[in-house]
Trainee: 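Dropping the structure in here first, questions after.
These numbers were taken from a predicted model, which means no experiment stands behind them. In what follows, every heavy atom counts, from backbone to side chain, and hydrogens, waters and symmetry copies are set aside. Counting starts at 1 for both ligands and their atoms, in listed order.
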Amino acid sequence: MTLLELDDVTASYGPVRVLEGISLSVPEGGAVGILGANGAGKTTTLRAISGMVRTGGSITFDGRSIAGLSPERVAALGIAHVPEGRGTLGGLTVRENLRVGAYLRKDSKSVPGDIDYCLDLFPQLRNRIRSAAAALSGGEQQMLAIARAFMAKPRLLLLDEASLGLAPGTAKTVYEAIGRLRKESGIAMLVVEQNANLAFTLVESATVLETGRNVLTGSTAELKGMDEIRRAYLGG
Ligand SMILES: Nc1ncnc2c1ncn2[C@@H]1O[C@H](COP(=O)(O)OP(=O)(O)OP(=O)(O)O)[C@@H](O)[C@H]1O
Ligand SMILES: [Mg+2]
């Protein structure tokens, strides 16, 4: 079953239109990638879903239209957004950030167990549980941002360049944890990534954006076999 569907979505910042018609769908429990060069519209596509930018076209989640809803309403429906640049609350500790992630939940009894799960997923955070988020390394902040999004118990996770600025080994660790989270939780994922090698370890299909449009969509295996994808995104 389809969980998220975008059909011919446009988006503008003020008078400037930057999405010219994006279509994609994410199946229940599936993981879909969005690839594309700088400025192609990847972040804006996630912002359109989250209600952070004015849109046209249709956006449906779980069979209902979410276009035009506020970011708070979209989050309450079960969509968690890990933004570019991570977006943790720097003045709060790791544990406080995780608690804040769960603030919309009604099942407060299972929050401590879920915090434990996050610390098992990202063991590096366990030693830093009382540290301010601002004092964490870039990789640890990325781990915390993902863990905080998980604490909302979403049905869909929007991930924007989780590998950005991380050393290759750290990026790999982060993606392995996301893969484990996906397997164990069944949360669907829409994954923006410039590092296609990493994205392809997680997603089973992807769409390529160029100047606000999809130019190519296919399964991971199909895309890996295409010369233009290999040249542009896979380093040869
Ligand atoms: N707040 C904004 N106001 C005006 N224009 C914006 C704003 N944010 C982005 N844009 C423009 O919208 C277009 C798409 O930007 P977007 O951030 O979605 O690209 P991206 O694919 O995520 O790029 P990157 O890989 O660099 O993160 C770009 O031309 C960008 O300059
Ligand atoms: Mg971006």
Trainee: Would the number of heavy atoms belonging to other residues, nucleotides or ligands and lying under 6.0 Å from CZ of Arg105 be above 12?
Mentor: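 More than 12 within 6.0 Å, yes.
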Trainee: Side chains of Asn214 and Thr207: is there a donor and an acceptor less than 3.5 Å apart?
Mentor: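 Yes, Thr207 and Asn214 have a side-chain donor paired with an acceptor closer than 3.5 Å.
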Trainee: Hey, do the aromatic rings of Tyr117 and Phe150 have their centres closer than 6.0 Å?
Mentor: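 Distance test on ring centres: under 6.0 Å, yes.
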Trainee: Using non-hydrogen atoms of the residue, decide whether Gly36 is closer than 4.0 angstrom to ligand 1.
Mentor: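 No, Gly36 has no heavy atoms under 4.0 Å from ligand 1.
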Trainee: Taking the Mg ion (ligand 2) as the reference point, name the nearest N/O/S atom of Glu84.
Mentor: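 In Glu84, the heteroatom (N, O or S) nearest the Mg ion (ligand 2) is OE2.
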Trainee: Out of all atoms in ligand 1, which are within 4.0 Å of some heavy atom of Ala40? Include the element for each.
Mentor: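 Near Ala40, the atoms of ligand 1 are 19 (O), 21 (O).
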Trainee: Which protein non-hydrogen atom lies closest to atom 5 (N) of ligand 1, naming both residue and atom, and how far is it?
Mentor: Tyr13 CD1, 3.4 Å
Trainee: Which atoms of ligand 1 sit under 4.0 Å from any heavy atom of Val18?
Mentor: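 So the atoms of ligand 1 that pass are 11 (C), 12 (O), 13 (C).
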Trainee: Under 3.5 Å, side chain of Glu161 to main-chain N/O of Val192, donor-acceptor pair present?
Mentor: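 Side chain of Glu161 to backbone of Val192: no pair is present.
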Trainee: Quick one: nearest non-hydrogen protein atom to atom 16 (P) of ligand 1, plus distance?
Mentor: Thr44 OG1, 3.5 Å
Trainee: Going by the order shown, which atoms of ligand 1 are within less than 4.0 Å of some heavy atom of Glu161?
Mentor: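 Near Glu161, meaning under 4.0 Å from one of its heavy atoms, ligand 1 has 25 (O), 27 (O).
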Trainee: Counting heavy atoms only, which of Pro15, Ser12, Gly39 is nearest atom 29 (O) of ligand 1?
Mentor: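 The residue whose heavy atom sits nearest atom 29 (O) of ligand 1 is Gly39.
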Trainee: Can Glu193 and Lys42 be counted as an ion pair, charged N to O under 4.0 angstrom?
Mentor: no
Trainee: Any donor and acceptor pair, going by atom type alone, linking the side chain of Ser185 with main-chain N or O of Ile187 inside 3.5 Å?
Mentor: yes
Trainee: Specify whether the nearest protein heavy atom to atom 7 (C) of ligand 1 is under 4.0 angstrom away.
Mentor: yes
Trainee: Pick, from Thr45, Asn38, Thr43, the option with the minimum heavy-atom distance to atom 22 (O) of ligand 1.
Mentor: Thr43
Trainee: Is the distance between the Mg ion (ligand 2) and the nearest N/O/S atom of Thr44 smaller than 2.8 Å?
Mentor: no
Trainee: List every atom of ligand 1 that sits less than 4.0 Å from any heavy atom of Gln194, numbering the atoms from 1 in the order shown and giving each element.
Mentor: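 Every atom of ligand 1 under 4.0 Å from some heavy atom of Gln194: 25 (O).
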Trainee: Can you confirm whether more than 12 heavy atoms, excluding those of Gln194, are under 6.0 Å from its CD atom?
Mentor: yes
Trainee: Tell me which part of Glu84 gets within contact of ligand 1: side chain, backbone, both or neither, using heavy atoms under 4.0 Å.
Mentor: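 For Glu84, only side-chain atoms sit under 4.0 Å from ligand 1.
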Trainee: Below 4.0 angstrom, N of the basic side chain to O of the carboxylate: do Glu176 and Arg180 qualify?
Mentor: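 Looking at Glu176 and Arg180, the cut-off is not met.
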Trainee: Please state whether Ala37 comes within less than 4.0 angstrom of ligand 1, counting heavy atoms only.
Mentor: yes
Trainee: Using a 3.5 Å distance criterion without hydrogens, assess whether the side chain of Asn195 forms a donor-acceptor pair with backbone atoms of Asn197.
Mentor: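 Checking the backbone N and O of Asn197 against the side chain of Asn195, a donor-acceptor pair under 3.5 Å is found.
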